[in-house]
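Chain identifiers are assigned alphabetically (A, B, ...) following the order of the sequence lines, protein sequences preceding nucleic acid strands; residue numbering begins at 1 within each chain.
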There are 2 protein chains.
Amino acid sequence: MEYRTYDASVCVMTKIFAMIGGKWKPIILYLIKNDINRFGLLKRSMPKISKKILTEQLRELEQDKLITREVISATYPQVIEYRLTESGTSLRVLIDQMLDWGVNHFRNEYTEEMMREFQNKKSVLEVSVS
Amino acid sequence: MEYRTYDASVCVMTKIFAMIGGKWKPIILYLIKNDINRFGLLKRSMPKISKKILTEQLRELEQDKLITREVISATYPQVIEYRLTESGTSLRVLIDQMLDWGVNHFRNEYTEEMMREFQNKKSVLEVSVS
DNA sequence: CAGGCCGGTCACCGGATGGTAACTAATTGA
DNA sequence: TCAATTAGTTACCATCCGGTGACCGGCCTG
């Protein structure tokens, strides 16, 4: 008997998760979509991310062509702007759908306790959403 | 000036990725959807996964209510069947959409070299797809 | 001329994630 | 009696991802 076999190293979905599964990446994509598009703005919007990690995640998103990095002013206080690529924008749509699924899933499948714990962490599902 | 702030620990998308971002999980969901629903079948379909990891990932998917585990026969050679829950089924639809996005993204944004490397790894995009 | 703002880099560290190999129970068939 | 099948468990190990804190250059303001 033969089986069609599968391997994670060759799985498209695994590659996609590698691109956007990073701890802060969905949030970063969400923020950039909403014109929070400069390093400092992003940093201030995510108080718990470090500069190093933020830089890393931005570089990776750029390499994967989900965002672009544009140097507006190289001197002075530097100004650098990030934007979603077309591909990045279309992905963000899918992420939003998945988000809806998640909100629903948690509502249906999770116990009241879990929901309460959720609330305690101030995770307002619909707001701090991505 | 005030900013709405965001934190990964409270981000729904981060939770979703934690659920299905595991190295083998998209593949497992795909296989179970296609009635490759027993431990041994799954193992043989993913030659490079170890029993321990397969068990772990299955348990996690079960805890997150994406699959169910049903003991068909406890004695003999045991028989245990896994199935997608309703929630798991609806998620798999979204994963398939994301997959389409991925195939497209790789085609458009990646260089020819990367595509060639891809081919060398026998990653036939449309087939070993999830 | 010290300090702040901007957008980073660098060396180092720790915990989670994934992986290996050996071992388990219970039953059937040769 | 020995091997094979089923579906795991256990102890241990290695790698990687994310995180911390210090530091950088250049300009402007007090």
Side-chain angles (χ1 to χ4, degrees), chain A residues 1 3 6-11 14-15 17-28 31-32 36-64 67-83, chain B residues 1 3 6-11 14-15 17-28 31-32 36-64 67-83:
Chain A
M1 185 126 180
Y3 294 88
Y6 296 84
D7 181 4
S9 74
V10 134
C11 162
T14 304
K15 288 181 201 302
F17 284 140
M19 269 198 286
I20 55 171
K23 184 163 175 187
W24 299 94
K25 285 181 183 171
I27 302 181
I28 293 174
L31 291 171
I32 294 181
I36 297 174
N37 54 6
R38 292 180 51 188
F39 191 88
L41 288 172
L42 289 166
K43 178 77 187 72
R44 260 167 274 149
S45 298
M46 296 173 285
K48 294 194 183 168
I49 201 175
S50 70
K51 290 174 163 200
K52 183 202 152 207
I53 301 297
L54 179 52
T55 306
E56 261 178 35
Q57 308 256 317
L58 286 169
R59 292 284 181 280
E60 288 172 20
L61 289 171
E62 196 194 347
Q63 269 179 35
D64 289 329
I67 63 173
T68 57
R69 178 177 186 273
E70 196 185 343
V71 179
I72 306 291
S73 147
T75 65
Y76 256 73
Q78 296 172 58
V79 175
I80 280 140
E81 280 186 14
Y82 296 94
R83 289 178 203 291
Chain B
M1 186 127 180
Y3 294 88
Y6 297 83
D7 182 4
S9 74
V10 135
C11 162
T14 304
K15 287 182 202 302
F17 284 140
M19 268 197 287
I20 56 171
K23 185 165 175 185
W24 299 93
K25 284 182 184 171
I27 303 181
I28 294 174
L31 291 171
I32 294 181
I36 297 174
N37 54 5
R38 294 179 51 189
F39 190 89
L41 287 172
L42 290 165
K43 176 77 188 72
R44 262 167 271 149
S45 298
M46 297 172 284
K48 295 194 182 168
I49 200 175
S50 69
K51 291 174 164 201
K52 182 202 154 207
I53 300 298
L54 179 53
T55 307
E56 262 178 36
Q57 308 255 317
L58 286 169
R59 293 285 181 281
E60 287 172 21
L61 289 170
E62 195 193 348
Q63 268 179 35
D64 290 328
I67 64 173
T68 56
R69 177 177 187 273
E70 196 184 345
V71 179
I72 306 292
S73 146
T75 65
Y76 254 73
Q78 298 170 57
V79 175
I80 281 142
E81 280 186 16
Y82 296 94
R83 289 177 203 291

Whole-Å distance, A:Leu54 CG to D:dC17 C1', equals 16 Å
One should read off an interatomic distance between A:Ile67 CD1 and A:Arg83 CZ, to the nearest 0.5 angstrom, of 11.5 Å
Decide side chain to side chain contact (heavy atoms under 4.5 Å, CB included) for B:Leu58 and B:Ile32; before the verdict, give the C-alpha distance in whole Å, the side-chain angles of both, and the deciding distance to 0.1 Å. CA-CA 11 Å; B:Leu58 286 169; B:Ile32 294 181; 4.2 Å; yes
Gap between atoms NZ and P, on B:Lys51 and D:dA11 respectively (whole Å): 18 Å
Kindly compute the distance separating OG (A:Ser45) from CD1 (A:Ile36), expressed to the nearest 0.5 Å. 4.0 Å
Residue among A:Glu60, A:Glu62, A:Glu56 satisfying salt bridge (charged side-chain N to carboxylate O under 4.0 Å, His left out) with A:Lys25: A:Glu60
Across nucleotides 25-30 of chain D, 5' to 3', mark each nucleotide with B, S or - according to how protein heavy atoms within less than 4.0 Å reach it. B-SS--
Point-to-point distance, once rounded to the nearest 0.5 Å, from CD of B:Gln57 to CG of B:Leu42: 11.5 Å
Separation of D:dT6 atom P from B:Glu81 atom CD, nearest Å, is 14 Å
Quick one, B:Ile53 and B:Lys23 - any side-chain contact, counting heavy atoms below 4.5 Å? no
Under 4.0 Å from OP1 or OP2 of D:dA7: is there any side-chain N or O of B:Tyr82 that close? no
Min side-chain heavy-atom separation A:Arg69-A:Arg59 under 4.5 Å: yes
A:Phe39 side, atom CZ; A:Glu81 side, atom CD - distance, nearest 0.5 Å: 15.0 Å
Protein and nucleotides 10-19 of chain C: nitrogen or oxygen contacts under 3.5 angstrom:
| residue | atom | partner | partner atom | Å |
| --- | --- | --- | --- | --- |
| C:dG18 | OP1 | B:Lys23 | N | 3.0 |
| C:dG18 | OP2 | B:Gln57 | NE2 | 3.3 |
| C:dG19 | OP1 | B:Lys23 | NZ | 2.4 |
| C:dG19 | OP2 | B:Trp24 | NE1 | 3.0 |
| C:dG19 | N7 | B:Lys52 | NZ | 3.0 |
| C:dG19 | O6 | B:Lys52 | NZ | 2.3 |

B:Gln78 and B:Val71, any side-chain heavy atoms less than 4.5 Å apart: no
B:Arg38 vs D:dT6: side-chain N/O to OP1/OP2 distance below 4.0 Å: no
Please report the interatomic distance CG(A:Asn37) to CD1(A:Ile80), rounded to the nearest 0.5 Å. 11.5 Å
Output yes when at least one side-chain N/O atom of B:Arg59 is less than 4.0 Å from OP1 or OP2 of D:dG8, else no. yes
Output the rounded distance in Å from NZ (A:Lys25) to P (D:dC17). 9 Å
Over how many whole Å does the gap from B:Asn37 atom CG to D:dA7 atom C1' extend? 14 Å
For DNA chain C, which residues of residues 39-46 of chain A approach it to below 4.0 angstrom with any heavy atom? A:Phe39, A:Gly40, A:Arg44
Integer-rounded Å distance: C:dA25 P and B:Ile80 CD1: 17 Å
CD1 of A:Ile28 to CD1 of A:Ile49, rounded to nearest 0.5 Å, is 4.5 Å
